[in-house]
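A quick write-up on the structure given underneath.
One-based numbering along the sequence shown.
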Amino acid sequence: MSIWFTEELHPYYRKGIRIKNILADEQTQFQHLQIVETEFFGKAMILDGIIQLTERDNIGYHEMIVHVPMLAVGKPKRVLIVGGGDGGSLQQVLRYPSVEEAIVCELDQRVVDLSREHFASFGDPWADPRATLLVRDAFGFLEENPGQFDVIISDTTDPIGMAERLFSDEFYKLMVRALTPNGAAATQCEQPFFDTELIKTIYQSAKALTKNPAYYYANIPTYPWWDWFHVCLEHAVGKTG
């Protein structure tokens, strides 16, 4: 089997990847979930027609979104990951001996199940006793837990459908409110060439809510052959009202 998978995030831009085999293909309660084997990138996860990660280059994404806020805090004890059902961000968080608890708030249980089945080469961070999985919506959980986390990592899908709320001013206020006084957070905020207006909006939210907002980026070929930006909501100043 050899077919081309084409991803179209924008009507004026497409990217393609050659697939050797389809390992899983199902409609979950929330999204169309596929695990495929590609010719060059190894196994890949696709949600609603959009590549989320590949074996070959996922490590760069997860290292960048995790280690910047973790190092900003120094010795974080409690960490929340919003989304992150593939376990890649969790794996990086658990590298820190200071971490006592890492909570993953993932809406779709099947993302976790299929990731554990097909990405065993990543290891199994879920087996670590410090890891806790909550299968629920992150909004309610953040509302219930003000001032509880040293680091929050928003490892979400693209702002499409239900995930649009995770790129809203309301969500960022809840995220900052859930941080400890010297906490830090990071969120992926799409692609600088195609999503400039979204990045500007997120940055304005960060400026209003935090003391030290900043962008940083990494060159991750899968997303989508250009630089990938995050915003770090570092050291909340309490402007969440």
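Atom CD of Q92 sits about 5.0 Å away from atom CD of E63, to the nearest 0.5 Å. M175 contributes atom CE, which lies 5.0 Å from atom OG1 of T187 (distance to the nearest 0.5 angstrom). Rounded to the nearest 0.5 Å, atoms CZ (F171) and OG (S154) are 4.0 Å apart. With values rounded to the nearest 0.5 angstrom, T54 atom OG1 is found 11.0 Å from I59 atom CD1. Atom CD1 of I35 is separated from atom CZ of F119 by 4.5 Å, given to the nearest 0.5 angstrom. Between the CG atom of D137 and the CD atom of E106 there is a distance of 11.0 Å, given to the nearest 0.5 Å.
Of the possible polar contacts, none joining the H118 side chain to the L114 backbone as a donor-acceptor pair under 3.5 Å is found. Panel note: side chain Q34, backbone L47; no donor-acceptor pair is recorded below 3.5 Å. A donor-acceptor distance shorter than 3.5 angstrom exists from the side chain of S98 to the backbone of P76, with no hydrogens or angles considered. One N or O on the side chain of R177 and one on the backbone of E143 form a donor-acceptor pair closer than 3.5 Å.
With no hydrogens or angles considered, a side-chain donor-acceptor pair links Q31 and D108 at under 3.5 Å.
Between I46 and V36, some side-chain heavy-atom pair lies under the 4.5 Å cut-off. Between F139 and E144, the closest side-chain pair of non-hydrogen atoms is not below 4.5 Å. Considering only heavy atoms from C-beta on, I51 comes within 4.5 Å of F5 through its side chain. Using a 4.5 Å cut-off on side-chain heavy atoms (C-beta onward), L134 and I103 make contact. Put simply, the side chain of I152 does not reach to within 4.5 Å of the side chain of V176, judged on heavy atoms. With a 4.5 Å cut-off on side-chain heavy atoms, D86 and Q52 do not count as touching. Inter-residue side-chain proximity for R136 and F141 is flagged as met; some heavy-atom pair is nearer than 4.5 Å. Residues T180 and R78 form no side-chain contact, since every pair of their non-hydrogen atoms from C-beta on lies 4.5 Å or further apart.
Summarising the geometry of A102 relative to L94, their closest heavy-atom pair is CB-CD2, 4.1 Å, with the distance given to 0.1 Å. Taking all atoms of both residues into account, the shortest heavy-atom contact from Q188 to T156 is NE2-O, 3.2 Å. Taking all atoms of both residues into account, the shortest heavy-atom contact from D155 to S89 is OD2-OG, 2.9 Å. Annotation for I153 and P69: closest pair CG1-CG, 4.4 Å, computed over non-hydrogen atoms. Counting all heavy atoms, side chain and backbone alike, F149 lies closest to V79 at CD2-C, 3.9 Å.
Ion pairing between a basic and an acidic side chain is recognised when a charged N comes within 4.0 Å of a carboxylate O; R14 and E7 show no such pairing. R130 has a carboxylate O that lies under 4.0 Å from a charged side-chain N of D128, or vice versa, which qualifies the two as a salt bridge. One finds no salt bridge joining E100 and K75 here, because no Lys/Arg side-chain nitrogen approaches an Asp/Glu carboxylate oxygen to under 4.0 Å.
Screening residues 35-52 for salt bridge (charged side-chain N to carboxylate O under 4.0 Å, His left out) gives R18-E39, K20-E37 as the qualifying pairs, with residues at least two apart or on separate chains.
Cation-pi geometry between R56 and F40 is met: under 6.0 angstrom from the ring centre, within 45 degrees of the axis.
When the shell of 6.0 Å around CD of Q27 is examined, it contains more than 12 heavy atoms from other residues, nucleotides or ligands.
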